[in-house]
Amino acid sequence: AATRLPTLLSDMTPKGLSETAAVMAASGTWIPSALEDLGGNAALKAPFFHATQAAVMLAALGRARWDHPQAVHALLGRLAACARQQLRPAYTSPRAPQCSLIDVALAIRAASRLPSSIDVPALKELVALSAELLPPPANSGEGAAKHAAAAAAERMAESSAESEMPATE
C-alpha cells in the first residue's frame, strides 16, 4: 500500500491529505516515504488548504514527529494568512475560509514538536493574532482580556517549545 501512496497523493485534495496524515499519525503508522510524500504534497498545495485542514495536517506531522520544513513553513504561512483574512472583515468574502482560535492553538501546539518551525515568522504572527481571534467578552474589559490572552498564548508557545523540543547545540 505504501508503494501506491505517492500516486494517490498527487490527486488528493487538501482535505484528503490532512485526513490521510491524521489517520497515519493516530494509528502510529510509521512509513517515512509516505510521511515525506504527504509533507511534500502539503507544501505544494498549502495555498488551497482551509485553516482547519492546515491545522490538522500540522497536528498530524507534529504527532508523528515528522519535520518537513517546507510543509511546516507553507502550512503555518497559510494559517497565518487565513487568520489575517478572518480579522479583516471588510476584505473577507462570504466564501473565505474561516480561522478559529482552535485552529491556531492546534497549529502552535504542533509546531512546538517540529524543530523547523522555530524560525518561521508565521508562527510568531499566529501567536500574536491568537488574541485577536478571541470572541469578544460579555463585559467591557475587552482590551485587558485580549492582552491577557496574548500573553498566555505567548507563554504557551514558549513553554511548549522549551519542554518538547530537544536542545540544539
Side-chain angles (χ1 to χ4, degrees), residues 13-26 35 38-39 41-138 141-165:
T13 64
K15 180 180 179 187
L17 289 170
S18 62
E19 288 175 350
T20 301
V23 167
M24 286 183 68
L35 291 168
L38 277 166
N41 276 282
L44 289 173
K45 297 175 183 178
F48 306 106
F49 275 69
H50 291 278
T52 301
Q53 294 163 347
V56 167
M57 186 73 193
L58 284 164
L61 292 173
R63 182 169 183 173
R65 307 259 190 210
W66 188 263
D67 194 9
H68 192 289
Q70 293 84 6
V72 171
H73 183 78
L75 292 168
L76 285 171
R78 176 62 182 144
L79 194 54
C82 289
R84 282 191 307 271
Q85 191 174 25
Q86 176 79 20
L87 295 169
R88 314 269 181 311
Y91 301 106
T92 303
S93 74
R95 294 175 36 122
Q98 298 297 303
C99 181
S100 71
L101 184 57
I102 293 169
D103 297 328
V104 172
L106 186 61
I108 291 170
R109 173 79 170 142
S112 73
R113 296 176 174 200
L114 303 168
S116 68
S117 70
I118 290 173
D119 296 324
V120 178
L123 180 59
K124 291 179 182 177
E125 184 181 6
L126 283 171
V127 170
L129 290 171
S130 64
E132 294 182 52
L133 290 169
L134 283 171
E142 185 174 330
K146 282 189 176 185
H147 178 71
E154 193 167 330
R155 282 192 307 273
M156 179 185 77
E158 289 171 0
S159 68
S160 292
E162 290 170 3
S163 68
E164 294 189 10
M165 286 195 187

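What's counted below: heavy atoms across the whole structure, side chains too, no hydrogens, waters or symmetry copies. Quick note: residue numbers are just sequence positions, from 1.
- You'll find the side chain of Leu129 stays beyond 4.5 Å of the side chain of Val104, heavy atoms only.
- Atom NZ in Lys45 sits 10.5 Å away from atom CE in Met57 (nearest 0.5 Å).
- Annotation for Leu133 and Ala83: closest pair CD1-CB, 4.2 Å, computed over non-hydrogen atoms.
- For the residue pair Gly39 and Ala71, the shortest heavy atom distance occurs at O-CB, 3.2 Å.
- In this view, Thr20 satisfies the side chain to side chain donor-acceptor pair (under 3.5 Å) rule with no residue, not counting sequence neighbours.
- Annotation for Glu125 and Arg84: closest pair OE2-NH1, 2.6 Å, computed over non-hydrogen atoms.
- Expressed to the nearest 0.5 Å, how far CG of Leu87 lies from SG of Cys82 amounts to 11.0 Å.
- Qualifying side chain to side chain donor-acceptor pair (under 3.5 Å) partners for Ser100, counting only residues two or more places apart in sequence or in other chains: Asp103.
- Summarising the geometry of Phe48 relative to Pro14, their closest heavy-atom pair is O-CG, 3.6 Å, with the distance given to 0.1 Å.
- Taking both residues in full, the closest heavy atoms of Ala60 and Ala25 are given as O-CB, 3.5 Å, listed atom of the first, atom of the second, then distance.
- The line from CD of Gln53 to CG of Leu79 is 11.5 Å long, rounded to the nearest 0.5 Å.
- Annotation for His73: atom NE2 does not count as buried by contact number, only 12 or fewer foreign heavy atoms lying within 6.0 Å.
- Contact record, Ala46 with Ala74: CB-CB, 3.5 Å, taken as the closest heavy-atom pair.
- In this structure, OG on Ser116 lies 8.0 Å from CG on Leu76, to the nearest 0.5 angstrom.
- The CE atom of Met24 sits 4.5 Å away from the CG atom of Leu35 when rounded to the nearest 0.5 Å.
- For the atom pair CG of Leu75 and CG of Leu58, the computed distance is 4.5 Å after rounding to the nearest 0.5 Å.
- Side-chain contact between Ile108 and Leu123 is present, with at least one heavy-atom pair separated by less than 4.5 Å.
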